[in-house]
Amino acid sequence: MAKDKIRNDRLGKLAALKQLNADPYGSRALITGMVEDVRALCPEETPEEGRASVVTVAGRVVALRDMGKSKWLDLLDRTGKIQVNLIQKRSVDIWEQAKHLDVGDFLEVTGILQKSKTGEVTIFGNSFRFLSKSLESLPAKWTGLRDVEIRYRRRYLDLIANEDSRKTFITRSRIISFIRAFLDREKFLEVETPMLQAIYGGAAARPFVTHHNALDIDLFMRISPETYLKRLLVGGLDRVYEINRNFRNEGIDTSHNPEFTMIEIYQAYADYEVMMDLTETLVSSAAREILDTTKITFGEHKIDVAAPWPRKSIHELVREVAGVNPEDDEAMKAKLASAGFAKEKLSGLDHDHLLGKVMDEIVEPTLINPTFVTHHPASLNPLCKRNRDKPELSDRFEVIVAGMELANAFSELNDPLEQRARFEAQVARADEEGYCNAVDEDYVSALEVGMPPAGGLGIGIDRLVMLLTGNPSIREVILFPTLKPRTPEELAEAMAETEEEE
RNA sequence: GCCCGCUUAGCUCAGCUGGUAGAGCAACUGACUCUUAAUCAGUAGGUCUAGGGUUCGAAUCCCUGAGCGGGUACCA
């Protein structure tokens with residue numbers, strides 16, 4: 001195969017370099033700076049003899065133009081590309097090594113920084129050193145790498161070949177840094193709470209189960225850090241947040257990955273309305289800081305994340321968007337049926353679930369710009385405070401953008417007696433709702449010690465990054481999204497299991 | 001889970017109603033000291049996703065499986 005042939009050729013070059021006493025896998029490079037910074041040092045005019053500045057950079061060769069006794073190459077690091085020229089005459093002693101250069105190799109280059117005749121910033125190399133010899137050819141520079149399966153499984157190739165992808169992940173990192181800086185400024189404390197939990201809760205999702213050998217107990221990968229963060233409010237850490245992974249054992253699609261990054265933020269003495277202010281400020285200022293604009297193109301949609309965002313109750317939205325009376329179950333059923341839903345599926349739904357269905361199916365797809373959807377039925381979330389005036393509703397909101405749930409927040413229930421009662425009701429329905437596996441007595445007894453009223457907020461970081469980078473698929477913003485195993489050994493194993501099942 | 005689509009050289013892709021596989025780039029050899037998708041001349045490279053079937057003959061048609069993508073269901 002061509003692939004093996006290339007590898008053998010490169011192994012030959014590796015051996016040749018060793019013959020020349022050159023280490024193909026060099027160590028520490030003493031660079032002048034990153035490519036971007038070095039480029040900025042380049043003088044406009046060619047300097048006089050003896051006054052030129054000598055710089056050292058390191059990076060991967062991504063293009064090689066061979067002209068016999070001269071070679072031009074492009075060196076890439078995270079910040080950009082810089083052109084390098086090597087001439088036999090100027091670097092006689094290492095010219096033999098230069099003959100073994102390939103696209104893909106990492107080099108350290110030292111030379112004079114000045115523009116070429118065509119105006120390109122160039123390092124005219126006096127010397128270079130191999131930092132790493134590549135044994136596999138990179139994807140063709142011009143066509144890039146489009147095969148999504150290779151892009152996800154071998155993300156390093158994607159990052160080398162596709163600048164868009166590289167930018168997406170750099171932006172992701174900057175978004176997270178921005179959020180941390182923002183919350184630190186507001187005197188929030190970043191904390192870490194258990195990912196291995198004996199009792200899981202804080203959301204409605206099925207968990208991953210794992211096993212601890214020494215304790216000989218099953219543990220659950222957390223579906224949410226919520227109850228642990230609120231224990232910290234009880235402990236007096238009155239503003240906390242955690243950015244980390246949650247795990248939900250459910251379907252995979254363009255907005256769901258089994259492990260995903262959430263930020264949860266809890267602020268004592270606040271409520272859900274304070275969290276609305278926080279959410280729209282956080283997101284819109286992140287956009288302004290990182291994108292320099294609040295206007296975003298997302299798939300088909302033009303979205304503006306500038307604050308303030310409209311705040312609408314579920315009842316208002318059902319009335320305005322779906323055009324039905326939210327108190328009239330039959331009208332909602334008729335509406336859903338006319339939208340193509342099977343009547344037999346609708347008959348089993350109670351009032352609260354009917355409302356949820358109308359929201360999910362009819363209202364949310366129409367919400368493109370960020371919208372606070374408020375006052376969900378209290379029965380749907382046992383951790384959420386009831387609305388004072390309408391106790392059948394909760395003081396809660398979700399943020400919907402481009403039809404997708406971006407954030408979820410509420411005033412935290414801090415009455416331990418009501419909390420226990422709601423947990424018990426939930427466990428009784430656990431089979432159908434899958435909300436939690438047991439009453440979390442430890443959490444309830446924490447509430448009995450006393451938890452201040454608080455606003456709690458969760459934002460899906462992956463979805464926020466999707467929004468701010470204009471990527472309509474969550475796999476484009478997760479470096480290594482969950483995929484089925486594909487290596488020969490893994491495949492053989494998977495096949496064997498399939499056969500056993502049959 | 002169900003439905004639809006995709007899978008051909010290292011990469012990006014052609015390949016019609018079935019006639020035995022092609023291009024560009026990358027690679028290799030040679031020429032070339034200001035190129036930048038370098039150029040020029042030449043060479044090599046394939047289990048057409050896997051298995052089975054129909055056929056004189058299958059990348060192409062049929063069946064089964066795999067991976068990936070999209071939709072749908074599930075996910076308050």
Side-chain angles (χ1 to χ4, degrees), chain A residues 1-10 12-13 46 62-74 81-90 95 102-104 114-122 124 135-153 157 160-162 203-206 223 248-256 258 314 340-342 345 349-350 352-357 359-360 376-384 394 396 398 405 408 426 429 432-435 472-473 475 481 483-487 490-492 494-495 498-499 502:
Chain A
M1 277 171 76
K3 200 178 165 184
D4 298 327
K5 187 172 164 290
I6 289 167
R7 187 163 183 276
N8 284 331
D9 286 339
R10 301 261 177 126
K13 291 177 180 178
T46 302
V62 290
L64 179 58
R65 297 177 290 281
D66 192 338
M67 304 196 52
K69 295 190 177 66
S70 160
K71 289 174 191 288
W72 299 88
L73 30 120
D74 294 340
K81 282 182 207 169
I82 193 165
Q83 180 170 262
V84 170
N85 176 251
L86 297 174
I87 300 179
Q88 181 177 21
K89 206 170 131 193
R90 190 172 4 186
W95 190 252
D102 285 304
V103 171
Q114 65 185 42
K115 291 196 170 174
S116 72
K117 275 181 187 166
T118 50
E120 179 76 28
V121 174
T122 303
F124 291 88
L135 300 181
E136 183 175 327
S137 67
L138 297 182
K141 57 178 172 278
W142 207 236
T143 53
L145 180 66
R146 282 179 218 162
D147 184 321
V148 288
E149 196 172 344
I150 300 176
R151 289 183 49 237
Y152 296 160
R153 288 187 194 280
L157 292 178
I160 294 165
N162 296 317
R206 284 185 303 177
I223 59 173
R248 297 187 183 173
N249 205 340
E250 286 168 355
I252 298 177
D253 61 33
T254 48
S255 59
H256 295 82
I314 285 187
F341 287 89
K345 281 194 180 176
L349 295 178
D350 62 23
D352 292 348
H353 285 93
L354 260 177
L355 266 182
K357 197 88 181 155
M359 282 302 297
D360 287 350
H376 303 64
S379 70
L380 297 179
N381 190 316
L383 294 158
C384 181
S394 53
R396 174 182 174 195
E398 289 179 304
E405 180 187 340
N408 180 24
Q426 202 73 34
R429 288 184 293 169
E432 52 182 290
E433 305 231 332
Y435 177 75
S473 167
R475 295 182 204 92
L483 299 174
K484 281 202 184 183
R486 223 3 180 162
T487 67
E490 288 169 332
L491 193 59
M495 299 278 276
T498 309
E499 278 164 26
E502 290 163 357

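In this text, all values refer to a predicted model and were calculated from it rather than measured experimentally. We name chains A, B, ... by the order of the sequence lines, and we start the count at 1 in each one.
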Nearest to the side chain of [X], which nucleotide is it out of [options]?
X	options	value
A:L145	B:C68, B:U12, B:C32	B:U12
A:R65	B:A38, B:U12, B:C75	B:A38
A:E149	B:C68, B:C74, B:U35	B:C68

A:S379 side chain to A:P377 backbone, donor-acceptor under 3.5 Å:
no
What is the distance, rounded to the nearest whole Å, between atom [atom1] of [X] and atom [atom2] of [N]?
X	N	atom1	atom2	result
A:R248	B:C74	CZ	P	17 Å
A:D66	B:U29	CG	P	11 Å
A:W72	B:U39	CH2	P	16 Å
A:R151	B:U12	CZ	P	11 Å

Distance criterion of 3.5 Å, no angle test: do you see the side chain of A:Q83 paired donor-to-acceptor with the base of B:U35?
yes
Considering every strand shown, what is the Watson-Crick or G-U wobble mate of [N] when both distances are under 3.5 Å?
N	result
B:C25	B:G10
B:C48	none
B:C74	none

Protein-nucleotides 23-28 of chain B N/O pairs under 3.5 Å:
from  : atom 1 : to    : atom 2 : distance (Å)
B:C28 : OP1    : A:K13 : NZ     : 2.9

Under 3.5 Å, which N/O atoms of the protein pair with N/O atoms of nucleotides 69-72 of chain B?
from  : atom 1 : to     : atom 2 : distance (Å)
B:G69 : OP1    : A:R475 : NE     : 3.1
B:G69 : OP1    : A:R475 : NH1    : 3.4
B:G70 : OP2    : A:R475 : NH1    : 3.0

Answer yes or no: does a side-chain N or O of A:K484 lie under 4.0 Å from OP1 or OP2 of B:G67?
yes
What residues form a side-chain contact (heavy atoms from CB on, under 4.5 Å) with A:K69, not counting sequence neighbours?
A:Q88
